[in-house]
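Just so it is clear, the model here is predicted, and its values are computed rather than measured. Below, chain A is the first sequence line, B the second, and so on; all start at residue 1.
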There are 2 protein chains.
Amino acid sequence: MHANVKQNVVPLITPGLKVACSQCNLRELCLPFGLSDEDMSRLDHLIGGGRKLKRGQHLYRAGDPFESIFAVRSGFFKTDVLTEDGRDQVTGFQMAGEILGMDGISTEVHTCNAVALEDSEVCLIPFVELEMLSSEIHSLQHHLHKVMSREIVRDHGVMMLLGTMRAEERLAAFLLNLSQRFSARGYSPAEFHLRMTREEIGSYLGLKLETVSRAFSRFQDEGLISVQQKHVRIVDIPGLKALLAPPDGRIG
Amino acid sequence: MHANVKQNVVPLITPGLKVACSQCNLRELCLPFGLSDEDMSRLDHLIGGGRKLKRGQHLYRAGDPFESIFAVRSGFFKTDVLTEDGRDQVTGFQMAGEILGMDGISTEVHTCNAVALEDSEVCLIPFVELEMLSSEIHSLQHHLHKVMSREIVRDHGVMMLLGTMRAEERLAAFLLNLSQRFSARGYSPAEFHLRMTREEIGSYLGLKLETVSRAFSRFQDEGLISVQQKHVRIVDIPGLKALLAPPDGRIG
DNA sequence: GTATCCCTTTGATATTTGTCAATGCAACCA
DNA sequence: TGGTTGCATTGACAAATATCAAAGGGATAC
């Protein structure tokens, strides 16, 4: 290898990784949602290939020029924001069918980091070309807007969690959210493997890792879940949901 | 007034309130940013008129069908999310030139409430027509995407604030953010009137109103600001900024 | 296979923020 | 003008979470 080629450079596109929305079983969860066969094949031609990432690899970093958004094909990601003064906030965890990178549109530069938490694959969607195609395909344009709006609504949910919930409520909401998303992808809603550490969960939930660990233990003691390291089984979904109603529960 | 007309019904468009982006001094802060004169006049024709709101009036409520987004022409708004279990989270405060209502795109229904905190005026931007026009005007399409992306990035900043900052850091960040936004609109960055109550600030910052009030008092004792009820004068901007570097400030 | 390292759990204590309560201030209305 | 009402401030105390510290468990690398 020549000296002017860094050893850790990773190809931006994994050669031979074919991508076709029309053949993808995630299409109903992902960007192609609602497209006709013909329009979907036009989208196929736009997708700039795929990319494989090993656990721990960055899909992009804050400061990288923005060129594409990404659809998660398989695997699991986290996004986080780092400030100069050393704060680190996990802003989300993304799984198959979800879109990454929309933070970069506003400034043409990514504002957060996206890291694979397990070996993963993504589709590259060049944004300039996506805009061109969505000028022509109204349903694609509208769905892109929906995807971005959904991200805004999701963020509001996280603000609600961080602003109004206590530690155990936050963790319950987090587990129920994961459960629901796994379920939507055909996996068990009751039993799954956490891809992230207690510290990453804590960062997302605005808690210290010890607090997260204690909340897990408490849920187990109360018979709500069974947890061993990263393996979680939800025993009592209604019980977890009940935790989300505050003590004075002014319902109705 | 006839019995079948509710007394509190407010016209959705204020008759006679003319709106033209091309004549608006907010256009560089708002949706028309970057448009040519010709394209701006096409946007003028799309804007569905304006609407005036008195303090306390809702621009829209969670559950309302989504039809338009709104540009704040004058005044001041808050948006908040309410859950069935009684939680209430203020998700943002909006001032002139800022866009409201993008939460509604994803489900065709608004997911939060928008309330005028002082007498205000907005422009109505019918979304279906905006999508049609942005298919034709690429720079409008792109700028709409930027505006939505900017909202996502802003939300990440709020998550950072809620997830990693302590009470006084949150309030300092809040004041500095207001200061910067007033400044960008030609108002004093150092002296302004808060349009929201301590409770609303607290909701936004994930704090109780008493904690907000104590933080204000502490800032005043330390000579950082001068505060009397809703009137705030920032005396020491660098001092406030210094509060945002955490105690161990691992810089560099 | 085994040693290492990172992650997790748990306990004791400190700090921060929330809760409850009382008072003060200011604007608004009659 | 005076009273009412809502908002803000302040204090004392309680509760939640963070911090510090130590030890155990699994996965990974050699």
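Of the inter-residue distances, the one linking Leu26(A) atom CG with Arg73(A) atom CZ reads 8.5 Å to the nearest 0.5 angstrom. Note that the CZ atom of Phe192(B) and the NE2 atom of His231(B) stand 9.5 Å from one another [nearest 0.5 Å].
Nearest to the side-chain atoms of Leu209(A) among the listed nucleotides dT17(C), dT9(C), dT9(D) stands dT9(C).
Note on Lys230(A): a side-chain N or O is less than 4.0 Å away from OP1 or OP2 of dT8(C). Using a 4.0 Å cut-off, some side-chain N or O of Thr211(A) falls inside it from OP1 or OP2 of dA18(D).
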Polar pairs (N or O, both sides) under 3.5 Å between protein and nucleotides 26-30 of chain D?
unit_1	atom_1	unit_2	atom_2	d
dG26(D)	OP1	Gln228(A)	NE2	3.3
dT28(D)	OP1	Arg55(A)	NH2	3.4

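Across the protein-nucleic acid pair, Arg218(A) atom CZ and dA16(D) atom P stand 9 Å apart, rounded to whole Å. Here the C1' atom of nucleotide dG18(C) and the CZ atom of Arg166(B) are 16 Å apart, to the nearest Å. Distance Phe216(A) CZ to dT17(D) P: 15 Å, rounded to the nearest Å. Between the CD atom of Glu199(B) and the C1' atom of dT9(D) there is a distance of 15 Å, rounded to whole Å. Atom-to-atom, CZ of Arg198(A) to P of dG25(D) comes out at 15 Å; the value is rounded to the nearest Å. When rounded to the nearest whole Å, the span between CE of Met165(B) and P of dT17(C) equals 13 Å. Following rounding to the nearest Å, Glu169(A) (CD) and dA16(D) (C1') show an atom-to-atom distance of 12 Å. In this structure, NZ of Lys208(A) is placed 15 Å from P of dT8(C), rounded to the nearest angstrom.
By the 4.0 Å N-to-carboxylate-O rule, Asp119(B) lies close enough to Lys54(B) to be salt-bridged with it. Under a 4.0 Å N-O distance rule, the pair Glu98(A)/Arg154(A) does not qualify as a salt bridge.
Ring geometry, Phe76(A) versus Phe182(A): the interplanar angle falls under 30°, so the pair is classed parallel (tilted spans 30 to 60°). Ring geometry for Tyr60(A) versus Phe70(A): interplanar angle under 30°, hence parallel rather than tilted (30 to 60°). Note: Phe66(A) and His110(A) have perpendicular aromatic rings, judged against thresholds of 30 and 60 degrees for the angle between ring planes.
Within the 4.0 angstrom heavy-atom criterion, only backbone atoms of the sugar-phosphate kind lie near Ser217(A); the bases stay farther away. Within 4.0 Å of Gly206(A), counting heavy atoms only, lie sugar-phosphate atoms of the nucleic acid but no base atom. Contacts of Leu207(A) with the nucleic acid, taken as non-hydrogen atoms under 4.0 Å apart, involve only primed sugar atoms and P, OP1 or OP2.
Less than 6.0 angstrom separates the ring centroid of Tyr204(B) from the ring centroid of Phe93(B).
Recorded end-axis angle for the helix from dG1(C)-dC30(D) to dA30(C)-dT1(D) stands at 50°, based on five pairs per end and rounded to 10 degrees.
Annotation: side chain of Val158(A) is not in contact with side chain of Leu162(B) (no heavy-atom distance under 4.5 Å).
Side chain of Ser149(B) to main chain of Met102(A): a donor-acceptor pair is present (N/O by atom type, distance under 3.5 Å, no hydrogens or angles).
Scanning atom types as modelled, one donor and one acceptor separated by under 3.5 angstrom connect the side chain of Glu210(B) and the base of dC20(C). Judged by distance alone, with hydrogens and angles left aside, Arg214(B) brings no side-chain donor or acceptor close enough to the base of dG18(C) to form a pair under 3.5 Å.
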